[in-house]
Amino acid sequence: QVQLVESGGGLAQAGGSLRLSCAASGRTFSAYAMGWFRQAPGKEREFVAAIRWSDGTTAYADSVKGRFTISRDNVKKTVYLQMTSLKPEDTAVYYCAADRGGLWLSRLSYQYEYWGQGTQVTVSS
């Protein structure tokens, strides 16, 4: 009964920045881990970042570490992905996901029960 809606995608130049938002409704998230995944055409969905809702502990894929920052706003029930120093290889559909009882900040997409519809991020060369 959790609904996730992503926003903030769009077109950016290489080296630029975008901030993605994921607004949650329908449930509280005190026991959840929240994750961002992305999928480029013809490629498998890959882990980007995750955050433990309760204490803010984070995990990042090596490909984005140091460039992307995941955060959450407990009042707004929203998670963010601040993307800086964007590269063309960051081009993908970005998905927000929620893992009930998330403790391990899983990097595996099948361990997340709730998913948004995705938002397109395109980075030009």
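Separating the CG atom in L81 from the CE atom in M34 is a distance of 12.0 Å, to the nearest 0.5 Å. Annotation: the span from R19 atom CZ to S7 atom OG amounts to 8.5 Å, rounded to 0.5 Å. Taken to the nearest 0.5 Å, the OG atom of S124 stands 10.0 Å off from the CG atom of L86.
Q120 pairs by the side chain to side chain donor-acceptor pair (under 3.5 Å) definition with T122, not counting sequence neighbours.
Contact between L20 and T119 at its shortest, heavy atoms only, is CD2-CG2, 4.1 Å. Residues L4 and A24 approach most closely at CD2-CB, 3.7 Å, considering heavy atoms. The minimum heavy-atom distance between A14 and P88, with the atom names listed, is CB-CD, 4.2 Å. Heavy-atom minimum distance, R72 versus I51: CD-CD1, 3.5 Å. What you find for L18 and G8 is that their closest heavy atoms are CD2-O, 4.0 Å. V79 approaches C96 most closely through the heavy-atom pair CG2-SG, 3.9 Å.
Among residue pairs with one or both ends in residues 36-91, none qualify as disulfide bond (SG atoms under 2.5 Å apart); sequence neighbours excluded. Judged as a ring-ring contact (aromatic ring centres under 6.0 Å, His included), the pairs with a partner in residues 33-52 (not counting sequence neighbours) are, in order, F37-F47, F37-Y112, F37-W115.
V2 and L105 end up in different hydrophobic clusters when Ile, Leu, Val, Met, Phe, Trp and Tyr side chains are linked at under 4.5 Å. No chain of hydrophobic side-chain contacts below 4.5 Å, direct or via other Ile, Leu, Val, Met, Phe, Trp or Tyr residues, connects V123 to V93. If you chain together hydrophobic residues whose side chains sit under 4.5 Å apart, V121 and Y95 never meet in one group. A single hydrophobic cluster is not seen to contain both F68 and Y80; linkage of ILVMFWY side chains at heavy-atom distances under 4.5 Å, directly or through other members, places them apart. The cluster map of Ile, Leu, Val, Met, Phe, Trp and Tyr, joined by side-chain heavy atoms under 4.5 Å apart, puts M83 and V64 in the same cluster.
Residue Q13 qualifies as open at atom CD: its count of foreign heavy atoms under 6.0 Å is 12 or below. Heavy-atom neighbours of E44 CD from other residues, nucleotides or ligands within 6.0 Å: at or below the threshold of 12.
Not one N or O on the side chain of S85 forms a donor-acceptor pair closer than 3.5 Å with the backbone of G15. The main-chain N or O of Y60 is found under 3.5 Å from a side-chain atom of R107 such that the two form a donor-acceptor pair. A side-chain donor-acceptor contact under 3.5 Å links E6 to the backbone of G118. A donor-acceptor pair under 3.5 Å is absent between the side-chain atoms of R52 and the main chain of T57, judged by distance alone.
Considering E89, K87, R38 in turn, R38 is the only one that fulfils the side-chain contact (heavy atoms from CB on, under 4.5 Å) rule with S63.
For the pair K77 and S25, the minimum side-chain heavy-atom distance is 4.5 Å or more. Counting only heavy atoms from C-beta outward, the side chains of N74 and W53 approach each other to under 4.5 Å. In this structure, R100 and Y32 have side chains that are in contact, with non-hydrogen atoms separated by less than 4.5 Å.
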